[in-house]
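For reference, the structure discussed in these notes is given below.
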Amino acid sequence: MTQRTNVWSGWISFAAVLLTMIGVFNLVEGTAALAMGTVGYIDEGRLVVVNVTTWGVLAVVSGLLLGAVGLGLLLRHELARLVAVVLVALHALVQLTALAAFPIWSLLMIALDVVVIFALTVHWPQAREVPDSWPAADATTGGRQV
């Protein structure tokens, strides 16, 4: 008899990898902001200089937290799931505040956050049930699990 792999376990793994990637994106964005230090631009004939160091520090810290929580989700820790839902919701709110400045990037990040929250909150008890051994792909079914 072939053992079926729980579909929701795959969603949680997907969310964990996606959350880790979002953390890496924030880490890169924060590192770039720290490297710049200040940004200057001309707005209606006036020179505006903005210090982005604080933004860079916050992005690096959130990137490290999101990445660590993503790795905790791969290990199926319940605390990591709760922390991830809170952090991802906060990340979506922060992206909402940046919507006017970076509309495409913010909408993409909000969409990824929604997918992660969906994967983490729907059917979590079934997703925690990971089989002891993953069944090998059968050549007769074309590699699909039956």
- Task: Consider only side-chain heavy atoms of I, L, V, M, F, W and Y, link residues closer than 4.5 Å, and tell whether Leu66 and Met21 are in one cluster.
- Result: yes
- Item | Rounded distance [0.5 Å steps], CG in Leu18 versus CG in Leu73 | 11.0 Å
- Item | Heavy-atom check, side chain of Leu79 versus side chain of Val83, under 4.5 Å | yes
- Listed once per pair and sorted, the side chain to side chain donor-acceptor pair (under 3.5 Å) pairs that draw on residues 21-30, sequence neighbours left out: Asn26-Ser62, Asn26-His91
- Query: Side-chain heavy atoms under 4.5 angstrom apart, residues restricted to Ile, Leu, Val, Met, Phe, Trp, Tyr: same cluster for Trp105 and Ile22?
  - Reply: yes
- Test side-chain hydrogen bond (donor to acceptor under 3.5 Å, both in side chains) applied to Thr20 - qualifying residues, sequence neighbours left out: none
- For the residue pair Ala80 and Gly72, what are the closest heavy atoms and their distance? CB-C, 3.7 Å
- Listed partners of Ser106 passing side-chain contact (heavy atoms from CB on, under 4.5 Å), at least two apart: Gln95, Ala98, Leu99, Phe102
- Task: Answer yes if Leu107 and Leu96 sit in the same cluster of Ile, Leu, Val, Met, Phe, Trp and Tyr residues linked by side chain heavy atoms under 4.5 Å apart, and no otherwise.
- Result: yes
- Message: Going by side chain to side chain contact (heavy atoms under 4.5 Å, CB included), Phe118 matches just one of Leu120, Val115, Val122. Which one?
- Response: Val122
- Do Ile117 and Phe14 sit in the same hydrophobic cluster, where Ile, Leu, Val, Met, Phe, Trp and Tyr count as joined when their side-chain heavy atoms come under 4.5 Å apart? yes
- Query: With sequence neighbours excluded, what pairs up with Leu65 under the side-chain contact (heavy atoms from CB on, under 4.5 Å) test?
  - Reply: Val61, Leu87
- Note on the structure: Excluding Val94, membership of its hydrophobic cluster (Ile, Leu, Val, Met, Phe, Trp, Tyr; side-chain heavy atoms within less than 4.5 Å) reads Trp55
- Which atom names give the shortest non-hydrogen contact between Ala16 and Gly70, and what distance separates them? CB-O, 3.5 Å
- Query: Cluster partners of Val28, using ILVMFWY side-chain heavy atoms under 4.5 angstrom, listed by chain and number?
  - Reply: Val24
- Item | Heavy atoms of other groups near Leu75 CG, more than 12 under 6.0 Å | yes
- Query: Say you draw a straight line from CG of Leu108 to CG of Asp113; how long is it, rounded to the nearest 0.5 Å?
  - Reply: 9.5 Å
- Query: Would Leu19 end up clustered with Ile110 when hydrophobic side chains under 4.5 Å apart are linked, directly or stepwise?
  - Reply: no
